[in-house]
Amino acid sequence: MSLERTFSIIKPDAVAAGQAGEILAMIQQAGFRMLGLRMTRLSEAQAQAFYAVHRERPFFAGLVKFMTEGPIIVMALEREDAVRKLREVMGATNPANAAEGTVRKRFAANIERNCIHGSDAPETAEVELRFFFSTAELI
Ligand code: IDP
Ligand code: MG
């Protein structure tokens with residue numbers, strides 16, 4: 001199988017709680033290579049644009065508020081079957097349903113404040129990578 005890229009965010013809750021190092025270690029132990037990594041903070045307009053697919057959902061305003069409350073860490077990741085593997089490392093959106101040993105099971109407080117984002121398909125991953133990284137930044 002060929003290498004695939006995916007995009008991930010360590011969300012403001014996990015960065016503020018000092019969990020970024022452990023989450024990065026879990027991602028690396030799962031065999032991902034880091035192509036790009038940066039700390040940043042989303043503006044309201046950026047968070048709305050990034051999550052535009054959810055703009056009609058009842059949780060959209062709360063999600064934008066949460067994602068802009070503090071610094072995040074954005075990452076470009078590579079491995080075989082990267083999109084599906086990262087979602088395995090993350091665990092279910094609602095930590096109550098997340099499998100043992102996943103990031104969300106270990107660290108997430110609830111369905112909104114769930115510590116980590118991962119792209120849901122290779123096509124989405126390319127759009128999300130482009131949102132945060134230029135070609136020259138991905139090594
Ligand atoms: P995912 O992050 O597991 O792909 P999505 O359904 O794409 O989940 O939702 C994006 C983000 O929106 C979630 O990670 C979570 O932070 C938030 N979210 C999703 N569903 C709910 C909900 O029912 N209530 C509050 N926040 C939610
Ligand atoms: Mg999603």
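Each ligand, and each atom within it, is numbered from 1 in the order the structure gives.
- Considering T102, I23, N114 as possible partners of F107, the one that fulfils the side chain to side chain contact (heavy atoms under 4.5 Å, CB included) test is I23.
- Ring centers of F131 and F50: under 6.0 Å apart, within the cut-off.
- Residue, atom and distance of the protein heavy atom nearest to atom 23 (O) of ligand 1 are I111 CD1, 3.7 Å.
- In terms of N/O distances under 3.5 Å, ligand 1 is approached by H54.
- Ligand 1 has no atom lying under 4.0 Å from any heavy atom of D120.
- Of all protein heavy atoms, the one closest to atom 21 (C) of ligand 1 is F59 CD2, 3.5 Å.
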Give the table of side-chain donor-acceptor pairs shorter than 3.5 Å for residues 117-124, with sequence neighbours excluded, one pair per line with atom names and distance.
residue : atom : partner : partner atom : Å
H117    : NE2  : E128    : OE1          : 2.9
S119    : OG   : F7      : N            : 3.4
S119    : OG   : F7      : O            : 3.4
S119    : OG   : E128    : OE1          : 2.7
D120    : OD1  : T124    : OG1          : 2.7

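- Near N114, the atoms of ligand 1 lying under 4.0 angstrom from a non-hydrogen atom of the residue are 13 (C), 14 (O), 15 (C), 16 (O).
- Of the possible polar contacts, none joining the R79 side chain to the T6 backbone as a donor-acceptor pair under 3.5 Å is found.
- Annotation: cation-pi geometry satisfied between R38 and F133 (NZ/CZ under 6.0 angstrom from ring centroid, within 45° of ring axis).
- Scanning all protein heavy atoms for the shortest distance to atom 16 (O) of ligand 1 gives E112 O, 2.8 Å.
- With a heavy-atom cut-off of 4.0 Å, K11 touches ligand 1 through its side chain alone.
- Here atom 2 (O) of ligand 1 lies nearest to R104 when heavy atoms of R104, R87, M90 are compared.
- Separating the CG atom in L86 from the CE atom in M26 is a distance of 10.5 Å, to the nearest 0.5 Å.
- Note on R84 versus E4: no salt bridge recorded, every NZ/NE/NH1/NH2 to OD/OE distance being 4.0 Å or above.
- Between L63, T93, V53, it is T93 that holds the heavy atom closest to atom 8 (O) of ligand 1.
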